[in-house]
Structure formats: C-alpha cells, structure tokens
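Comments concern the structure below.
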Amino acid sequence: MSVFRVAVMVAFAFLCGSIALAETAGPALEGWYEVQPRDPDGATIFTVQGWAVSAVGEVRIAIFVDGREVISGKPFLAWPGVAERFQGLSGTLYPGFQASIDPAAFGAGEHVLVLELSTADGTHRRRLQETRFVTAPPLTPFVALPILLLMFLALPAVAGFGLARRAPAVQTELVESSAMQGWRLHAAIAAFALVLLVVIVLSSRLGMVIPSERHGRFGGLANWDGNFYHVIAEQGYGAHAASAYAFFPLFPLVVRLVGFLPAPVELATSILNVAFFLGAIELMRRTGTRDRVLLLFAAMPFSVFFVANYTESLALLLCAAVLRSASADKPVAAFIAGVLAGMTRITGIPLVFLAVDAVRQRKWSIAAALAAGPPVGLAFFSIYLWITTGDPVAFLTAQQRFGRSSVATPGYLLNGLLKTVGDQREIGLWAAASAALILIGAAFLVARGRWGEGLYCATLIWLPVVTGRMTSINRYALLAVPVLLLAFSSIHAKRIAWCLFGIEALFAVYYAAQFGRQAWIG
C-alpha cells in the first residue's frame with residue numbers, strides 16, 4: 001500500500017473521529033430567545049434577548065425580519081444556568097445577547113422575526129422558532145378618545161357601585177344565611193372586570209404594536225403565557241416541545257372544555273375567569289372579610305391577570321377554597337381543593353404550609369388534608385410527565401428553555417431589590433414593591449402566630465426568585481391572599497379606602513391597556 005493511500009486513510013479516520021467527538025461533546029448549535037416590547041420615551045422598541053452555545057466553534061447570531069438581516073453579532077453577556085446545563089463547552093461563560101429593534105421601521109402590517117445561529121466558518125446553521133408581530137398605525141385622537149372616555153366615565157360608575165355597598169361588616173353566619181346579601185359587591189367587581197376586558201380588547205385591536213401568535217378579535221386576552229395555554233389545550237403538550245411542560249395541566253383542560261362553546265375561545269375563557277374570580281371573592285367573604293376590603297383587593301393594579309386568559313383566577317379560587325375549607329373544618333373539601341391547586345400552578349404547592357396552623361390548633365384531620373392535597377396534585381402531573389417524557393420534573397427543567405435556572409443564591413432577591421432602588425432597572429419598582437409588601441406582611445403574620453399563612457406568602461415570593469428571573473413577581477403576589485387582606489383591612493377610614501380604590505382602578509385600566517398591547521407587565 002502506498003504512502004499516499006495510508007495518509008488519506010489516516011486523514012479520513014481523523015476527520016471521522018473529530019466529527020464524532022464534536023457530536024458527543026455537545027450540541028452543534030443550541031439557543032433560546034425572547035422578544036419583549038418596552039416603551040422608552042413613548043416609542044415602542046423590541047428587546048431581543050437570549051443565549052446561544054455551540055460545540056463546534058464560535059457562534060454568530062443574526063436577526064432577520066421578513067427575510068432581511070437587520071442585526072448580527074456574537075454573544076457577549078453572562079446568562080444564568082447555561083454553564084451548568086452545558087458543562088465542558090467553551091463559550092458558556094458569556095453566552096447571552098441582547099439587541100433592540102424599532103418595529104416602526106418595517107411599516108404597518110404583519111412581520112416575521114427569526115433568529116438564526118451559525119458557526120463562524122458557516123458549516124452549521126440553525127433557525128429558531130419564528131416570532132410574528134403586527135405593526136399597527138399610530139394611535140390617533142379618534143382611537144385614543146374612546147379609551148379615555150372609558151377610563152374617566154366607566155370607572156366613576158364602578159366606584160358608585162362600591163359606594164352603594166356601605167353595609168357594615170357581617171359575621172360568617174349572617175353571610176351564610178343569605179346568599180343574595182353580597183350581590184352589589186359582585187356586581188361592582190363584575191362591572192370593573194368588564195371594563196378591563198373592554199380595555200384589553202380595544203388596546204389589542206387599536207394599539208401600536210401587537211407581537212402575538214393569536215391575531216383574532218380577542219387575541220389580546222391570550223397574550224404571552226395565555227397563548228401557551230391555548231396551544232396546549234388545542235394541540236397538546238408536544239406543540240411547543242419541552243418548553244410547554246412548564247405549564248401545569250388543569251387550566252389548559254378548562255380552556256379545552258370552553259372551546260366547545262359557540263363563542264370565541266379567548267372571550268369565553270376570560271368570562272369564565274371572571275366567574276372564578278367572583279367565586280373566590282364569595283369564598284373570602286364567607287370567612288368574614290369585609291366588602292370594602294374585597295373591593296380594594298379586586299381593584300389591585302395587576303388584577304388584569306384575573307380577567308385575561310391566565311391561571312390566576314382559577315388558582316385564587318382554589319386557594320380561597322382551601323382557606324375556607326380549613327376554617328370550616330372540612331378536611332375532604334380542603335384535600336380536593338389542594339389536589340386541584342397542585343395541578344393548576346406551582347403556586348399551589350406552598351399551600352402545604354397552611355397545615356402548620358392546623359397542627360398548632362390540633363386540627364389533625366385538617367392538617368393531614370392540607371399537607372397531602374397539593375403534593376398529590378403535583379404527583380399526578382409528575383406521573384404524566386414521567387410516562388410521556390421520562391422526566392418527572394420536566395416542569396422544572398423546562399424553565400431552562402426560557403433562559404431560566406434554579407441557581408439563585410439566597411441573596412439574589414435582596415440584590416435585585418437593592419439594584420431596583422438604586423438604578424430602577426433590575427426587577428422594576430412595581431415588582432420590588434410587591435415583593436417587599438408580601439415579605440413584610442408574611443413576617444407580620446408569623447409574629448401574630450399565623451405561621452402557616454406567613455410561610456405560604458413568603459414562599460410565593462421566593463418561587464420566581466429561584467428560577468433566576470423575577471419579572472413575574474407581581475403575578476405571584478396576587479395569590480398572597482392573607483397578606484393582602486390584612487393590608488387592606490388596616491385601612492379603616494372610608495374616604496381613604498375609596499380614594500385608594502380610585503387610584504388602583506386607574507392603574508388597573510392602564511396596565512390592562514399595556515397588556516392588550518403586549519407590553520409585559522410582570
């Protein structure tokens with residue numbers, strides 16, 4: 001055999017070995033990105049951010065809009081969790097990237113944004129899932145005027161409903177004896193929810209920018225996570241690959257059942273969520289909570305999540321059912337509500353801490369029901385994941401698909417709060433205020449001997465922290481019912497309460513408009 005043939009064979013073997021080593025060392029190209037609108041100085045700008053790694057060399061990132069490359073470059077930012085996920089790969093120290101895009105530069109109409117990853121030598125390319133957005137004409141006085149009229153005329157009408165309900169606080173027995181006694185409270189909250197629904201729909205149709213996968217007349221009600229729930233309900237968990245497993249199954253099942261109604265599924269789901277919300281209000285009312293307190297609770301700025309296609313209303317209803325069942329010594333009802341809460345969202349799991357108060361009161365059957373219910377619900381979901389994916393905790397590992405990780409240190413929340421106060425950028429003043437309020441209230445509950453409720457509320461704030469991303473703290477804070485009711489109960493002066501209600505309502509309408517326009521509000 002000639003020397004030339006030997007050299008060719010050796011080179012071919014070396015090449016094959018190198019390819020095999022590259023394939024076993026890690027992914028050729030792996031990445032994730034998200035598009036978030038922001039509103040600096042009144043101009044809507046997209047922030048495209050994410051991470052990218054490769055086992056075969058440096059990564060080049062290119063952003064295409066309608067097939068035209070608009071931005072390109074290399075990763076340059078640190079990103080939590082990537083180094084732990086892809087151990088042994090180079091380039092995981094700074095795998096993140098961030099870029100800004102002005103959607104107004106592409107004109108009115110629907111556009112397609114695609115992120116393409118490639119190696120420096122061009123031998124490997126991969127396009128990630130596309131993102132669609134619609135650039136609508138700028139708001140004109142003919143569009144803005146109806147929204148302003150809605151804000152300043154409908155909201156006083158809702159306040160009038162609340163002022164008409166000036167009955168003193170009633171005991172639980174009186175409330176239970178008359179099911180119609182709180183109809184005016186429910187009418188006021190339902191009217192307020194209707195205002196939020198109208199604002200979301202108008203904003204989603206007439207707003208400046210609507211990046212969404214659902215462009216129907218009521219598509220704005222299902223923005224962001226709401227779109228995931230609808231896709232899971234319509235196509236199953238395989239529709240969005242592993243990222244869909246981050247969403248628990250009970251609410252998609254509810255959406256699927258609503259889909260059989262002869263109405264737009266987004267609108268029907270929102271109306272059902274309003275019904276869930278009113279049911280939660282009634283359960284809290286049956287525990288002796290004053291009507292004025294419940295009205296303030298219902299008008300919180302982020303109550304938009306109670307009327308949109310999100311899990312908050314169902315989760316609140318089940319949380320209120322657990323609290324009500326525990327106070328009424330109904331262990332079976334507490335267990336069933338706990339199981340359903342554990343299948344709705346991760347926020348249902350901390351309900352087990354309520355068993356601490358039951359143990360302190362020597363209510364052993366209630367304690368057992370509270371401790372067992374949420375874990376059983378979570379176990380049902382985990383068994384399903386184990387059977388279908390082989391990973392019983394896929395709902396945790398799926399967080400990595402969104403660039404999140406569970407590597408946050410105990411000082412992560414404190415660091416985020418301090419940076420927010422310092423430069424107002426880290427997690428946002430609203431999120432920081434929500435986190436501080438709930439943590440202070442949780443400490444106060446513990447000091448008053450309500451250990452279970454305090455631990456439950458504190459854990460709700462800690463849950464988004466351990467994922468390494470705190471943008472959703474406001475949603476978690478909405479379910480800290482014991483702290484919020486305690487805070488509103490401390491407001492004794494009626495005039496101050498009604499002024500606070502008006503301020504809350506205005507902020508709620510504003511954030512409903514922001515949600516309809518797809519601006520993320522936490």
Side-chain angles (χ1 to χ4, degrees), residues 225-226 228-260 269 272-273 276 279-280 283 309-326 330-355 358 365-402 404 406 452 456 459-460 462-464 466-467 472 475-476 479:
D225 287 4
F228 269 96
Y229 287 117
H230 280 277
V231 171
I232 294 171
E234 295 165 0
Q235 305 175 27
Y237 274 102
H240 273 296
S243 57
Y245 296 117
F247 303 92
F248 282 42
L250 188 58
F251 188 68
L253 178 61
V254 171
V255 174
R256 188 178 184 87
L257 295 176
V258 169
F260 291 102
T269 302
L272 183 61
N273 272 344
F276 287 154
L283 287 174
N309 289 189
Y310 275 60
T311 59
E312 269 61 35
S313 287
L314 180 58
L316 179 68
L317 174 64
L318 295 172
C319 173
V322 169
L323 291 169
R324 170 60 181 162
S325 301
K330 298 179 179 179
V332 175
F335 175 76
I336 295 175
V339 171
L340 295 176
M343 297 174 62
T344 301
R345 201 176 174 210
I346 193 67
T347 53
I349 308 305
L351 288 170
V352 298
F353 288 114
L354 298 179
S365 59
I366 292 293
L370 293 174
V376 169
L378 179 63
F380 286 153
F381 187 36
S382 296
I383 292 172
Y384 168 79
L385 294 175
W386 190 14
I387 294 174
T388 56
T389 69
D391 182 6
V393 291
F395 59 89
L396 292 178
T397 55
Q399 296 291 337
Q400 297 176 353
R401 305 284 296 188
F402 297 94
R404 300 174 179 175
S406 56
Y456 162 69
T459 306
L460 285 178
W462 186 251
L463 283 175
V466 298
T467 66
S472 298
R475 292 179 57 197
Y476 287 81
L479 301 178

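Quantities reported herein were computed from a predicted structural model and do not represent experimental measurements.
Scanning both residues, I366 and A358, for their nearest heavy atoms gives CG2-CB, 3.9 Å. The two residues L340 and L250 have their closest heavy-atom pair at O-CD2, 3.5 Å. The two residues L351 and C319 have their closest heavy-atom pair at CD2-SG, 4.0 Å. Nearest approach of A320 to A280, heavy atoms of both residues: CB-O, 3.9 Å. Minimum interatomic distance between R256 and E234 (heavy atoms only, all atoms of both residues): NH1-O, 4.1 Å. Contact detail for L463 and Y476: the closest heavy-atom pair is CB-CE2, 3.8 Å.
Distance check, rounded to the nearest 0.5 Å: CE of M343 to CG of L314 gives 10.5 Å. The distance from atom NE2 of H230 to atom CD of Q235, rounded to the nearest 0.5 Å, is 12.5 Å. Put simply, NZ on K330 and CZ on R324 are 6.0 Å apart, with the number rounded to the nearest 0.5 Å. One finds the OG1 atom of T459 at 11.5 Å from the CD1 atom of I346 (value rounded to the nearest 0.5 Å). For the atom pair CG (L460) and CG (L479), the distance works out to 6.5 Å, reported to the nearest 0.5 Å. Here L370 contributes atom CG and F353 contributes atom CZ; the two are 12.5 Å apart, rounded to the nearest 0.5 Å.
Between the side chain of Y237 and the backbone N or O of F247, at least one donor-acceptor pair lies under 3.5 Å.
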Stepwise side-chain contact (heavy atoms from CB on, under 4.5 Å) check, D391 with L385: CA-CA 6 Å; D391 182 6; L385 294 175; over 6 Å; no

Working for side-chain contact (heavy atoms from CB on, under 4.5 Å), residues F248 and T311: CA-CA 9 Å; F248 282 42; T311 59; over 6 Å; no

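Proximity of T344 to L318: side-chain heavy atoms (C-beta onward) are separated by under 4.5 Å at one or more points. Within the 4.5 Å cutoff, no side-chain heavy atoms of P350 are placed close to those of W462.
Note on ring orientation: taking the six-membered ring where Trp is involved, the planes of Y229 and F251 are perpendicular (angle over 60°, cut-offs 30° and 60°).
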